[in-house]
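See structure below.
Reckoned from all heavy atoms, side chains included, excluding hydrogens, waters and symmetry mates.
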Amino acid sequence: MNDILDLHTHTIVSGHAYNTLYEMVHAASQKGVKLLGVTEHGPRIPGACHPFYFLNFKVVPRMVSGVRLLLGCELNIVDYQGGLDLEPRYLERIGLGIASIHEPCYASGTVAQNTAAYVGAMKNPAVQVIGHPDDGRFPIDYETLVCAAKEHHVLLEVNNSSLAPGCNRKNSRENSVAMLEYCRKYQVPVVLDSDAHCEADVGNHSRSQELLEEIHFPEGLVVNHSLEKAASYIPALQGLLALGGAGDD
């Protein structure tokens, strides 16, 4: 598969990552990534930026070193209704919304409550991706998750960082397989993301790709090979496709 995009990365602005925006873009350029999503953590994460950061994206070029740049936020789901940690006036300014559950920001409930939290977040038009829904510390019903993603036209993420040795997330491999099997059954696309917090990991989807190959997951249900397919889920990306010519397949 020609993997040309990485939607989920972080810079020093997130408080626990190690490179600047331009260092991450340079790494993407060197690795042949055509679209880089920089999605800083929402304000509930300790050390993350003030919400004002998300108001000033207008000053940043959207094409740097041949890389299209999509600026957004990894939003924290904060309750069982799918509430997020940015107010609407900030959500209106982000180009990409990834909604995730993180331990400092959310108290795990029942399977039904945790699933409802993800589904509630999907209903928010600012959310285009559900981030690392593989964490067994927050058990969910994967069939319901996948069907809701199809209904609300939201991408589900296969997170490379979750599959790394030593990751704090629980049972991520098994949970990713369960999700992917339902995605296959219901024909729901996924996106492979690095969740890079260091330039060395930009565009690194090696563990995710190995998992997809192992279970013979269809390439046609992975959006990473086509900017146009990704843009069908991300309205802000549609405008970026005019930068530097048409999108790549």
Side-chain angles (χ1 to χ4, degrees), residues 1-41 47-49 53-54 56-74 94-98 100 128-129 131-132 155 157-167 189-213 217 219 222-231 233-234 236-249:
M1 182 179 67
N2 184 26
D3 188 351
I4 59 172
L5 62 88
D6 192 2
L7 296 181
H8 185 171
T9 69
H10 299 273
T11 78
I12 54 174
V13 173
S14 284
H16 56 275
Y18 298 93
N19 290 96
T20 66
L21 174 64
Y22 275 77
E23 287 170 342
M24 298 294 274
V25 174
H26 177 72
S29 179
Q30 294 295 108
K31 297 176 181 183
V33 174
K34 303 299 183 184
L35 172 69
L36 181 68
V38 178
T39 49
E40 308 297 2
H41 281 291
C49 58
Y53 173 85
F54 301 100
N56 202 35
F57 283 158
K58 62 183 181 294
V59 305
V60 183
R62 294 306 193 269
M63 176 73 85
V64 180
S65 301
V67 178
R68 293 175 179 86
L69 188 57
L70 194 58
L71 298 174
C73 180
E74 186 180 11
I94 65 175
L96 172 62
I98 299 177
S100 304
Q128 294 87 41
V129 179
H132 49 75
L155 288 167
E157 179 184 79
V158 182
N159 187 291
N160 199 69
S161 179
S162 294
L163 300 172
C167 182
V190 299
V191 60
L192 311 186
D193 282 327
S194 68
D195 199 357
H197 287 63
C198 176
E199 59 85 22
D201 262 340
V202 171
N204 180 11
H205 305 147
S206 58
R207 300 180 193 92
S208 300
Q209 289 169 342
E210 288 173 5
L211 179 60
L212 265 59
E213 290 172 5
F217 191 77
E219 287 189 9
V222 183
V223 304
N224 290 65
H225 66 88
S226 171
L227 298 186
E228 285 82 4
K229 284 189 177 181
Y233 289 86
I234 306 168
L237 177 53
Q238 296 170 15
L240 286 184
L241 293 185
L243 297 177
D248 300 280
D249 275 319

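With hydrogens and angles ignored, the 3.5 Å screen pairs no side-chain donor or acceptor of Ser162 with any backbone N or O of His132. Without hydrogens or angle criteria, Ser29 side chain to Ser65 main chain gives a donor-acceptor distance under 3.5 Å. Asp193 places no side-chain N or O within 3.5 Å of a backbone atom of Asp195 that could act as its donor or acceptor partner. Distance alone, capped at 3.5 Å, places no donor-acceptor pair between the Asn224 side chain and the Val191 backbone. Between the side chain of Glu40 and the backbone N or O of Thr11, at least one donor-acceptor pair lies under 3.5 Å. Asn204 places a side-chain N or O within 3.5 Å of a backbone atom of Ser206 that can act as its donor or acceptor partner. Of the possible polar contacts, one joining the Lys31 side chain to the Val202 backbone as a donor-acceptor pair under 3.5 Å is found. Panel note: side chain Thr39, backbone Thr9; a donor-acceptor pair is recorded below 3.5 Å.
Heavy atoms of other residues, nucleotides or ligands lying less than 6.0 angstrom from OH of Tyr53 number more than 12.
In terms of heavy atoms, Pro189 sits closest to Val223 at CB-CG1, 4.0 Å. Counting all heavy atoms, side chain and backbone alike, Ser100 lies closest to Gly131 at OG-CA, 3.4 Å. The nearest pair of heavy atoms linking Arg207 to Pro165 is NE-CD, 3.9 Å. Shown here for Leu5 and Ala230, the closest heavy-atom pair between the two residues is CD2-CB, 3.9 Å. Contact record, Ala231 with Leu241: CB-CD1, 4.0 Å, taken as the closest heavy-atom pair. Of all the heavy atoms in Glu23 and Tyr18, the pair that sits closest is OE1-O, 4.5 Å.
Between the NZ atom in Lys229 and the CD1 atom in Ile234 there is a gap of 14.0 Å [rounded to 0.5 Å]. Between the CG atom of Leu240 and the CG atom of Leu70 there is a distance of 6.0 Å, given to the nearest 0.5 Å. In this structure, Ile4 CD1 and Ser226 OG are separated by 6.5 Å, a value rounded to the nearest 0.5 Å. Note that CG of Leu36 and CG of Leu7 are 8.5 Å apart. Values are rounded to the nearest 0.5 Å. Atoms CD1 and CZ, from Ile94 and Phe54 in turn, are 7.5 Å apart once rounded to the nearest 0.5 Å. Considering OG of Ser208 and CG of Asn159, their distance stands at 7.0 Å, rounded to 0.5 Å.
In summary, the aromatic rings of His8 and His205 are positioned with their centroids too far apart to meet the 6.0 Å limit.
For Ile12, the side chain to side chain contact (heavy atoms under 4.5 Å, CB included) partners are Thr20, not counting sequence neighbours. A search for side chain to side chain donor-acceptor pair (under 3.5 Å) contacts involving Gln209 returns Asp3, not counting sequence neighbours.
With hydrogens and angles left out, the side-chain atoms of His10 and Glu74 include a donor and acceptor closer than 3.5 Å. Between Ser194 and Asp6, the side chains place a donor N or O and an acceptor N or O closer than 3.5 Å (distance only, hydrogens not considered).
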Q: Tell me, with the steps shown, if Leu237 and Leu35 meet side chain to side chain contact (heavy atoms under 4.5 Å, CB included).
A: CA-CA 9 Å; Leu237 177 53; Leu35 172 69; 3.7 Å; yes

Q | Chi angles and distances behind the side chain to side chain contact (heavy atoms under 4.5 Å, CB included) call for His16, His197 | A | CA-CA 7 Å; His16 56 275; His197 287 63; 3.2 Å; yes

Q.
With side chain to side chain contact (heavy atoms under 4.5 Å, CB included) as the criterion, how do Val190 and Leu155 come out once you've worked through the C-alpha distance, each side chain's angles and the decisive distance to 0.1 Å?
A. CA-CA 5 Å; Val190 299; Leu155 288 167; over 6 Å; no

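Looking only at side-chain heavy atoms (C-beta outward), Leu212 and Glu210 stay at 4.5 Å or farther from each other. Looking at Gln238 and Glu228, their side chains never come closer than 4.5 Å, going by heavy atoms from C-beta outward. Residues Glu199 and His26 have side chains not in contact (no heavy-atom distance under 4.5 Å, counting atoms from C-beta outward).
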